[in-house]
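Here the structure comes first, spelled out in structure tokens, and everything after it is commentary.
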Amino acid sequence: MSKFPESFIEDLKRQADIVRVVSDYVQLQKKGANWMACCPFHQEKSPSFAVNPGRESFKCFGCGKGGSVFTFVMEMERVSFPEAIKIVAEKVGVALPQMEQGERGDEQRKKDEARRREIDDVVRLNGWALEWWEAQLEGTTTDARACREYIARRGLMDETRSAFRIGFAPDRWDGLLNHLRSKGATDKQLEASGLVVKKDNGGFYDRFRGRVIFPVLDVRGRAVAFGGRTMRAEDEPKYLNSPETIAYTKGRHLYGLFQANAEIRKRKFAILVEGYLDLVMLYQAGVRNVAASLGTALTEGQGKLLSRFTKKIVINYDGDKAGVHAARRATEVLLNEGFEVKVLVLPDNLDPDDFIRTAGADEYHRLRGAAISHIQFILEQAVRERDLNHPPDKSAAVEEVMPALGVVKNPIQRREFFDVAMDTLRVDASLRAALWEQIRGNAAARATGRHAAHHQHETTHVAAAPRITIAEQQLLELLVSDAEVRRVILPHIEPTDYATLASARVFEVIHLMHTGNLEFDSSKLVEETANDAAAADIVPLLLMSDVGRDADEAADDHIARAESCLMTLRLMSIDRRIDELRIAERAAERTGDTARLHEVMIERLDLTKRRANALPREATGGARV
């Protein structure tokens, strides 16, 4: 008879949050250590159905039904045990292994049992180590007192220290090693635990020495790994973490989730921070729906773990460049898991630890309530220190934003975020279709890595590049072909007239020749514009154009045409600015920024009047001709 490996069933049971699974069927309310509801298996007026996450079980004190998460699903769905396993695995997001058959199954079960015993051994040694480190912190030695003083200087109270089981590893080579051996640990178990380091010439020494110990607990409260922080600024590394073991895989656990999971369920959202002390200090200040990604880039596994407790996240990483980059990466991971994501960047680039100690919990809650949406955060970062009037900057901004749009699962939200991004980045409406098709059908392309990235780069480059207008081409033809037009018109052309045009470099070179009192030189124009893609395309066409006039022909008509082209470009500049202001109005309306909305509307109305009166001014395109 086929069945799933026992080790898989046990692992799935540990990973499956029974409260989350049961909540898919009944509405639970927290009552002490249990979650209560009216029983789904019989009619009752007073809740007697209890779910205990610590024991990973449920029990109805009315009808007597009880058991594990699998038993509950079997009863609710009227399915067999293997089918219940499949349903729970799907809810948790765990892939199913092949089912065992015959002798091969027996052999696999033996391997699984041996592996489970090894995991239990490591967890047991971790427990012994943690108890010893906790006892060391309470000791009377000089080092123990120094550690307690350091913890106190960091602002941690005794109650907080106990809640997170913070300990102290003395600065000795064999303190923990001797303790574990006294408890009966074998050399094989010691090496597998990661608590000690094997010497080249045989024997072991303590991995953590002279450090404050932060235990990483799984959702059942078992110590699976540790982080050790140095107490002296000169010691390196500042943080030393456990290696991966059979009981611990990096990227599958979140620090503080054991202490915070009930509050996360209650508040219906979680705050995600980076480090141990960020979390501990927030928790101590009363912000208890918080988890930490252990100072590493958030992983898909951590996202799935969080999804067992909530689907709403506020990311509050450090405000420095590395923290912002990590927040962007975390945003993409969480969006891919279907989370609703907001981002909080604290003032002066402070981390949560520093901020909560200086500003307090009330101010933190106020700022957290004003956390911005993930799309607003991503767009703010994309346009920071970039000029959207400069094509390479615009291309880079679009390229930076596109991945975050593609991972949004909900199609309605994906389209809404796309429209907001295109408005903010001022992407031409005629070019949006190609970008939208790329996002809509790019799931498979993203998996191909370099090919997808190349395709995206090509698309965003095209999207960001402005097209040459008829007015600018005609004006350039007249300037290139007629010295009298250059003499009359160039003194009236300002850099603001051409800065945002595709042919900006061509205008710039011609203008520089004029202001430098140099004769127009076509070969120099070719040379100076060779590195500009748009200019390199248009310059040969300009030099081959036939708009010259006869020697006895007056220049009046050419000058009038040039003035008309320049006026058209200035009016087009006003039109572009009006479009930008309309986009800014919509953004202000979305965010409820009434002051900004009023400011933008006044500017737009003023520009509309100027355009109607055909009175361009310096702010919208240089001197009047």
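Heads up: numbering here begins at 1 and tracks the sequence.
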| message | Between F70 and I9, is the side chain to side chain contact (heavy atoms under 4.5 Å, CB included) condition met? List the steps. | response | CA-CA 10 Å; F70 305 120; I9 296 172; 3.8 Å; yes
| task | Using the salt bridge (Lys or Arg N to Asp or Glu O under 4.0 Å) rule, take D120 and R117 through it: C-alpha gap first, then chi angles, then the decisive distance, then the call. | result | CA-CA 5 Å; D120 291 342; R117 284 194 298 270; over 6 Å; no
| message | Applying side chain to side chain contact (heavy atoms under 4.5 Å, CB included) to W35 and V22, what does each step give before you reach the verdict? | response | CA-CA 10 Å; W35 292 77; V22 173; over 6 Å; no
| Stepwise salt bridge (Lys or Arg N to Asp or Glu O under 4.0 Å) check, K86 with E83 | CA-CA 5 Å; K86 292 178 182 178; E83 288 299 317; 3.4 Å; yes
| task | Evaluate the criterion salt bridge (Lys or Arg N to Asp or Glu O under 4.0 Å) for residue pair R211 and D235; output intermediate values, then yes/no. | result | CA-CA 10 Å; R211 292 176 178 270; D235 289 346; over 6 Å; no
| task | Output, in order, the C-alpha distance, side-chain angles, deciding distance and verdict of side chain to side chain contact (heavy atoms under 4.5 Å, CB included) for L305 and R308. | result | CA-CA 6 Å; L305 179 59; R308 291 162 54 183; 3.3 Å; yes
| Chi angles and distances behind the side chain to side chain contact (heavy atoms under 4.5 Å, CB included) call for K266, N289 | CA-CA 8 Å; K266 179 181 176 182; N289 55 325; over 6 Å; no
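Q302 places a side-chain N or O within donor-acceptor distance of the main-chain N or O of H253, the cut-off being under 3.5 Å. With hydrogens and angles disregarded, a donor-acceptor distance shorter than 3.5 Å links the side chain of N52 to the backbone of G54. Judged by distance alone, the side chain of Q136 and the main-chain N or O of A169 form no donor-acceptor pair under 3.5 Å. Of the possible donor and acceptor atoms, none in the side chain of R207 sits under 3.5 Å from a partner among the backbone N and O of S242. With R165 contributing its side chain and A223 its backbone, the two residues share no donor-acceptor pair below 3.5 Å. Of the possible donor and acceptor atoms, none in the side chain of Q438 sits under 3.5 Å from a partner among the backbone N and O of M402. Formation of a donor-acceptor pair under 3.5 Å by the D218 side chain with backbone atoms of R222 is found in this model. For the pair N336 (side chain) and E332 (backbone), a donor-acceptor distance under 3.5 Å is absent. Side chain of T230 to backbone of K238: no donor-acceptor contact under 3.5 angstrom is found. Proximity of a side-chain donor or acceptor of E44 to a complementary backbone N or O of C39 within less than 3.5 Å is detected.
None of W133, F164, Y255, Y248 except one satisfies the ring pair (Phe, Tyr, Trp, His ring centres under 6.0 Å) rule with F226; the exception is W133. A salt bridge (charged side-chain N to carboxylate O under 4.0 Å, His left out) with D187 holds for exactly one of K198, R181, K199; it is R181.
Atom CG of N261 and atom CG of L254 lie 11.0 Å apart (nearest 0.5 Å). Rounded to the nearest 0.5 Å, atoms CG (L190) and NZ (K188) are 12.5 Å apart. In this structure, R229 CZ and Y239 OH are separated by 4.5 Å, a value rounded to the nearest 0.5 Å. C60 SG to H42 NE2: the interatomic distance, rounded to the nearest 0.5 Å, is 4.5 Å. Atom CZ of F377 and atom CG of L344 lie 10.5 Å apart (nearest 0.5 Å). A distance of 9.5 Å separates CG in L272 from OG1 in T331, rounded to the nearest 0.5 Å.
Listed here is the closest heavy atom pair of I356 and A285: CG1-CB, 3.6 Å. Of all heavy-atom pairs between K59 and G64, the closest is NZ-O, 3.1 Å. In terms of heavy atoms, M231 sits closest to G210 at CE-O, 3.9 Å. Taking each heavy atom of C38 and F49 in turn, the nearest pair found is C-CB, 4.1 Å. Taking both residues in full, the closest heavy atoms of G338 and K311 are given as O-CD, 3.9 Å, listed atom of the first, atom of the second, then distance. Taking every heavy atom of both residues into account, D121 and R124 meet most closely at OD1-NH2, 2.5 Å.
Annotation: E10, atom CD; neighbour count of heavy atoms from other residues, nucleotides and ligands within 6.0 Å is above 12. Applying the 6.0 Å contact sphere to NZ of K312 captures no more than 12 heavy atoms from other residues, nucleotides or ligands. Within 6.0 Å of NE2 in H365 there are more than 12 heavy atoms belonging to other residues, nucleotides or ligands. When the shell of 6.0 Å around CZ of R55 is examined, it contains 12 or fewer heavy atoms from other residues, nucleotides or ligands.
Between the side chains of Y317 and R329, no donor-acceptor pair of N or O atoms lies under 3.5 Å. Checking N316 against Y364 by side-chain atom types alone, a donor-acceptor pair falls below 3.5 Å.
The aromatic rings of H374 and F417 sit perpendicular to each other, their planes meeting at more than 60°, with 30° as the lower class boundary. In this structure, W436 and F418 have tilted ring planes: the angle between them lies in the 30° to 60° band.
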